[in-house]
Amino acid sequence: MEATSAEAQAAIAEEFGFFGDWTERYQYLIDLGRKLPELPEAWKTEEHRLLGCQSKVWIVAQGNAAKLDFHAISDSSIVSGLIHLALRVYSGRGAAEILATTPDYIAAIGLAKHLSPTRSNGLAALLAFIQDTARRAGDPA
């Protein structure tokens with residue numbers, strides 16, 4: 001894992017730059033999704049289900065303002081790849097860094113133009129969950 005979210009985003013942009021077309025990039029996304037660790041069956045509940053996604057996505061956050069870890073998986077291979085990218089940028093970081101990080105990698109690799117509206121909505125829901133979790137963790141009240 002890269003030391004900062006900015007380094008993670010730069011590495012993602014560089015990796016996707018190696019591929020000439022979107023067929024190859026989608027295959028890479030699928031390959032990344034396969035690298036996600038298995039999510040314990042006990043976490044695959046409605047309580048941990050991410051709403052706003054057409055595919056089934058489960059996400060669990062652990063930690064505090066100093067360091068938040070996110071664990072997630074989907075029943076869709078491409079969505080699992082999108083999760084892998086988001087977790088690479090945000091998981092294992094402090095709440096302040098998460099809140100200060102705009103997901104620039106999405107535009108940098110041209111992802112926004114190549115996702116269906118339902119996948120775009122799901123990605124937005126995933127990023128909103130991460131930001132909301134960081135906001136709550138950083139709120140001392």
Side-chain angles (χ1 to χ4, degrees), residues 1-139 141:
M1 183 172 101
E2 291 81 9
T4 67
S5 55
E7 289 174 12
Q9 293 197 78
I12 289 168
E14 184 178 331
E15 289 165 15
F16 274 80
F18 289 122
F19 302 106
D21 64 31
W22 267 92
T23 302
E24 293 174 342
R25 290 177 181 193
Y26 278 127
Q27 185 57 53
Y28 185 57
L29 266 178
I30 290 168
D31 293 344
L32 288 175
R34 290 182 181 135
K35 293 180 180 180
L36 282 176
E38 278 299 315
L39 200 67
E41 286 300 316
W43 287 354
K44 290 183 182 179
T45 64
E46 285 303 308
E47 175 188 354
H48 299 298
R49 181 113 181 258
L50 183 65
L51 302 178
C53 295
Q54 181 178 5
S55 304
K56 289 184 179 177
V57 174
W58 298 273
I59 185 164
V60 175
Q62 295 178 314
N64 55 38
K67 182 182 177 195
L68 287 166
D69 290 305
F70 296 92
H71 312 276
I73 201 154
S74 173
D75 63 350
S76 161
S77 53
I78 289 178
V79 174
S80 287
L82 297 173
I83 291 168
H84 186 281
L85 294 178
L87 297 188
R88 184 171 171 187
V89 171
Y90 294 104
S91 188
R93 318 258 183 232
E97 183 177 1
I98 291 170
L99 292 171
T101 301
T102 305
D104 296 330
Y105 70 94
I106 296 169
I109 64 176
L111 193 56
K113 295 182 284 189
H114 291 87
L115 288 180
S116 68
T118 55
R119 286 206 176 108
S120 291
N121 290 342
L123 180 57
L126 173 66
L127 295 171
F129 176 89
I130 291 169
Q131 293 285 314
D132 290 345
T133 301
R135 205 172 288 101
R136 285 192 311 274
D139 185 0

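Throughout, numbering of the chain's residues begins at 1 and tracks the sequence.
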Distance-only criterion, 3.5 Å: show the donor-acceptor pairs between side-chain atoms of residues 33-45 and protein atoms not counting sequence neighbours.
{"unit_1": "Arg34", "atom_1": "NH1", "unit_2": "Asp31", "atom_2": "OD1", "d": "3.3"}
{"unit_1": "Glu41", "atom_1": "OE2", "unit_2": "Lys44", "atom_2": "NZ", "d": "3.3"}
{"unit_1": "Thr45", "atom_1": "OG1", "unit_2": "Glu47", "atom_2": "N", "d": "3.4"}

- Query: Between CD1 of Ile83 and CD1 of Ile59, what distance do you get to the nearest 0.5 Å?
  - Reply: 7.0 Å
- Taking all non-hydrogen atoms of both residues, which atom of Leu87 and which atom of Ala72 are closest, and how far apart? CD1-N, 4.0 Å
- Message: Evaluate Ile73 against Trp58 for side-chain contact (heavy atoms from CB on, under 4.5 Å), listing each step before the verdict.
- Response: CA-CA 6 Å; Ile73 201 154; Trp58 298 273; 4.1 Å; yes
- Task: Give every residue pair that meets the side chain to side chain donor-acceptor pair (under 3.5 Å) criterion with at least one member in residues 64-82, sequence neighbours excluded.
- Result: Gln62-His71
- Query: Hey, does Phe70 have a side-chain heavy atom less than 4.5 Å from the side chain of Val60?
  - Reply: no
- Phe19: side chain to side chain contact (heavy atoms under 4.5 Å, CB included) partners, not counting sequence neighbours: Glu24, Arg25, Tyr28
- Item | Worked verdict on Leu29 versus Leu111 for side-chain contact (heavy atoms from CB on, under 4.5 Å) | CA-CA 11 Å; Leu29 266 178; Leu111 193 56; 4.2 Å; yes
- Can you tell if the side chain of Leu85 reaches within under 4.5 Å of the side chain of Ile106, non-hydrogen atoms only? no
- Can you check whether Val79 reaches Arg119 side chain to side chain, under 4.5 Å on heavy atoms? yes
Could you tabulate the donor-acceptor pairs under 3.5 Å formed by side-chain atoms of residues 123-134, not counting sequence neighbours?
{"unit_1": "Gln131", "atom_1": "NE2", "unit_2": "Ile98", "atom_2": "O", "d": "3.0"}
{"unit_1": "Asp132", "atom_1": "OD1", "unit_2": "Arg135", "atom_2": "NH1", "d": "2.7"}
{"unit_1": "Thr133", "atom_1": "OG1", "unit_2": "Phe129", "atom_2": "O", "d": "2.8"}

- Distance-minimising heavy-atom pair for Ala8 and Arg93: CB-NH2, 3.8 Å
- Of all pairs that satisfy side chain to side chain donor-acceptor pair (under 3.5 Å), the ones with a partner from residues 2-13, not counting sequence neighbours: Glu2-Arg88, Ser5-Glu97, Ser5-Thr101
- Identify, with sequence neighbours excluded, every residue that meets side chain to side chain contact (heavy atoms under 4.5 Å, CB included) alongside Thr102. Asp104
